[in-house]
Amino acid sequence: MPNETYPAHYQGIFAVFNSIYPLSEEIKHAIIKNSEVIEIKRKTIILNAGENSNTIYFIVKGGARVYYLDKEGKETNTWFLFENELLISVFGFFTGQPSFEYIETLEDSTLIAVKRERLDAMYLQFMEFNYSGRKLTEYYYIRNEKQTNNLRMLSAKQRYDQLMLHNPQLFHRVSLGHIASYLGISQETLSRIRKQK
């Protein structure tokens, strides 16, 4: 079956997986069969802390954030994710334990949703699909480690500079309050750093 006959919403997810390991036509059909395309309005919480995180999302259009609340109820943003990225509460999804994180859409979003049991079934049916899954898991783990290390080891200005260098589009799509939380600084500190540029 030629590529163009697949639903348009799936072209992005196929491209991501194909960049790691070529997808067979059978796997493409399985992905479509075992997932659903959903439309979510901006500022919709699709996962609450304490809930089981049993769905992984691929962002076709839009964006979302992953955050948690500290003991005082203050939000800390840990991820911003946009088109052609996987949206997931890593700890909750892979451990099966209740999530400590929230997932909220930042924009009107189109997502491809796959339930955990459906994903596991595809891994069992298509062994080569496991390789792609592992490489993506490694990518997001390394990305999380970089963010954690930046918070531990870099100054506020250095963290800001890193974000501007590697992810400047965030400043066009995410509020400064959310970005300040992600950088581990106050919004006032962020504004002061930006004024120095």
Side-chain angles (χ1 to χ4, degrees), residues 7-20 35 37-47 53 55-69 74-91 93 101-114 132-133 135-197:
H9 287 322
Y10 285 86
Q11 298 305 320
I13 193 170
F14 290 165
V16 168
F17 279 105
N18 267 323
S19 71
I20 301 168
S35 65
V37 177
I38 57 175
E39 304 284 343
I40 305 286
K41 292 291 186 186
R42 67 186 294 268
K43 290 189 172 292
T44 299
I45 293 179
I46 58 177
L47 179 70
S53 175
T55 306
I56 188 168
Y57 303 94
F58 179 84
I59 303 175
V60 177
K61 179 178 73 71
R65 68 183 180 120
V66 181
Y67 69 96
Y68 66 89
L69 302 179
K74 179 185 172 188
E75 293 180 4
T76 297
N77 291 293
T78 52
W79 294 85
F80 298 115
L81 297 150
F82 296 96
E83 286 84 5
N84 297 318
E85 294 187 307
L86 294 172
L87 176 60
I88 185 177
S89 172
V90 175
F91 175 84
F93 187 82
E101 297 174 309
Y102 297 80
I103 298 178
E104 180 186 41
T105 53
L106 293 165
E107 305 169 353
D108 291 349
S109 299
T110 303
L111 309 174
I112 295 173
V114 181
S132 301
K135 297 304 286 185
L136 281 170
T137 303
E138 288 175 3
Y139 166 76
Y140 283 98
Y141 177 79
I142 291 167
R143 185 168 151 180
N144 186 59
E145 278 290 292
K146 284 182 179 176
Q147 165 66 3
T148 302
N149 287 336
N150 284 350
L151 286 172
R152 283 198 302 247
M153 302 168 66
L154 301 182
S155 69
K157 183 180 180 304
Q158 287 171 325
R159 295 198 295 272
Y160 171 83
D161 289 343
Q162 285 288 310
L163 194 62
M164 281 297 294
L165 180 65
H166 298 292
N167 220 344
Q169 74 272 13
L170 278 187
F171 291 89
H172 302 291
R173 301 181 73 173
V174 179
S175 73
L176 289 181
H178 284 334
I179 290 173
S181 164
Y182 179 72
L183 292 172
I185 59 178
S186 68
Q187 192 166 342
E188 292 74 21
T189 299
L190 177 59
S191 296
R192 190 162 59 248
I193 292 172
R194 285 168 63 81
K195 284 175 184 173
Q196 293 169 357
K197 294 295 176 183

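Since we're looking at a predicted model, the values are computed, not measured. Below, all heavy atoms of this structure are taken into account, side chains as well, without hydrogens, waters or symmetry copies.
In this structure, the separation between CG on L176 and OG on S181 is 12.5 Å, given to the nearest 0.5 Å. Atom CG of D161 sits about 10.0 Å away from atom NE2 of H166, to the nearest 0.5 Å. Of the inter-residue distances, the one linking F58 atom CZ with I13 atom CD1 reads 5.5 Å to the nearest 0.5 angstrom. Taken from CD in Q158 to CD1 in I193, the straight-line distance is 10.5 Å, to the nearest 0.5 Å. One distance of note links OG1 of T44 with CG of L106; it measures 11.0 Å at 0.5 Å rounding. Atom CG of N77 and atom CD of E104 lie 9.0 Å apart (nearest 0.5 Å).
Side chain of D108 to backbone of R42: a donor-acceptor contact under 3.5 angstrom is found. A distance-only check finds no donor-acceptor pair linking the side chain of S35 to the backbone of V114 [under 3.5 Å]. No side-chain donor-acceptor contact under 3.5 Å links T55 to the backbone of A113. Between the E75 side chain and the Y68 main chain, no donor and acceptor come within less than 3.5 Å of each other. Counting only distance, with no hydrogens or angles, the side chain of T110 and the backbone of K61 share no donor-acceptor pair below 3.5 Å.
Under the 4.5 Å side-chain criterion, counting only non-hydrogen atoms from C-beta, Y139 is not in contact with K135. Annotation: side chain of W79 is not in contact with side chain of I103 (no heavy-atom distance under 4.5 Å).
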**Request:** Could you give me the CA-CA distance, side-chain angles and deciding distance for Y182 and L190, then say whether side chain to side chain contact (heavy atoms under 4.5 Å, CB included) is met?
**Result:** CA-CA 11 Å; Y182 179 72; L190 177 59; over 6 Å; no
**Request:** Check the pair L87 / I46 against side chain to side chain contact (heavy atoms under 4.5 Å, CB included), numbers first and verdict last.
**Result:** CA-CA 11 Å; L87 176 60; I46 58 177; 3.9 Å; yes
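Applying the side-chain hydrogen bond (donor to acceptor under 3.5 Å, both in side chains) test to S132 and every residue at least two apart in sequence or in another chain returns nothing.
H9 and I112 make their closest contact through O-CD1, 3.5 Å (heavy atoms, listed as atom of the first residue, atom of the second, distance). Considering every non-hydrogen atom in both F80 and E85, the closest pair reads O-OE1, 4.1 Å. Across every non-hydrogen atom of V90 and E101, the tightest pair is N-OE1, 4.1 Å. In this structure, A156 and T189 approach most closely via the heavy-atom pair CB-CG2, 4.4 Å. Nearest heavy atoms, R159 versus L154: NH1-O, 2.6 Å. Summarising the geometry of I179 relative to L163, their closest heavy-atom pair is CG2-CD2, 3.7 Å, with the distance given to 0.1 Å.
For Y160 and F171, the ring centers sit closer than 6.0 Å to each other.
Side-chain contact of Q147 with N149: a donor-acceptor pair under 3.5 Å is absent, judged by distance alone. Remark: the Y57 side chain and the S109 side chain contain no N/O donor-acceptor pair separated by less than 3.5 Å.
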